[in-house]
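Some notes on the structure that comes next.
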Amino acid sequence: MSSDDDSDRVFRALAAPVRRAILDALRDRPRMTGELCAAFPAIDRCTVMQHLKVLEEADLVIVHRKGRARWNHLNPLPIKHIHDRWIGPYAARAVDMLDRLKTDLED
């Protein structure tokens with residue numbers, strides 16, 4: 001699987017607001033699937049599970065099973081890779097442009 005394929009999967013997973021909300025819910029600590037279902041009462045359990053599957057396939061969620069419990073853990077590495085590839089370089093360029101503008105205005 002190429003890095004572009006991985007990035008495409010991550011971008012597609014992040015495209016849905018409910019999946020971003022699920023990741024936000026996992027930001028501070030892992031949660032059992034039942035907790036996530038309770039956190040999204042407007043969505044039925046089956047739909048939450050479908051969203052979790054998309055997140056897991058994009059490697060944004062890592063699942064650990066303990067007995068009957070399914071623990072969902074946030075995996076921040078794919079988001080970091082997107083930041084490093086896309087956001088960081090563009091932000092650095094914008095900061096450089098602002099620095100040049102500041103220097104030009106001060107001269």
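No single ILVMFWY cluster, assembled from side-chain heavy atoms under 4.5 Å apart, contains both L77 and V10. In the hydrophobic cluster analysis, where Ile, Leu, Val, Met, Phe, Trp and Tyr join through side-chain heavy atoms closer than 4.5 angstrom, V54 is grouped apart from L26.
Contact between A38 and P41 at its shortest, heavy atoms only, is O-CD, 3.6 Å.
Checked against side chain to side chain donor-acceptor pair (under 3.5 Å), E57 has the following partners two or more places apart in sequence or in another chain: K53. Residues passing the side chain to side chain contact (heavy atoms under 4.5 Å, CB included) test with R100 are D96, M97, sequence neighbours excluded. Take D84 and apply the salt bridge (charged side-chain N to carboxylate O under 4.0 Å, His left out) test, not counting sequence neighbours, and it matches K80. Partners of R27 according to the side chain to side chain donor-acceptor pair (under 3.5 Å) rule, which considers only residues two or more places apart in sequence or in another chain, are D24.
The other residues sharing a hydrophobic cluster with M32 are W71, where clustering joins ILVMFWY side chains under 4.5 Å apart. In the hydrophobic clustering (ILVMFWY side chains linked at under 4.5 Å, chained through shared members), L105 is joined by L101.
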Distance-only donor-acceptor hits, side chain of residues 58-69, under 3.5 Å, sequence neighbours excluded:
residue	atom	partner	partner atom	Å
D59	OD2	N75	ND2	3.3

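A salt bridge links R9 to D6: at least one charged side-chain nitrogen sits closer than 4.0 Å to a carboxylate oxygen.
Legend: side-chain hydrogen bond (donor to acceptor under 3.5 Å, both in side chains) pairs involving residues 31-45, not counting sequence neighbours, sorted by first then second residue: R29-E35, T33-R70, T33-N72, D44-T47.
Note that the CG atom of L52 and the CD1 atom of I22 stand 5.0 Å from one another [nearest 0.5 Å]. Of the inter-residue distances, the one linking S7 atom OG with H81 atom NE2 reads 9.5 Å to the nearest 0.5 angstrom. The CG atom of L23 lies 11.5 Å from the NE2 atom of H51; values are rounded to the nearest 0.5 Å.
Side-chain atoms of R19 come within 3.5 Å of backbone atoms of R12 as a donor-acceptor pair (strictly under, hydrogens ignored).
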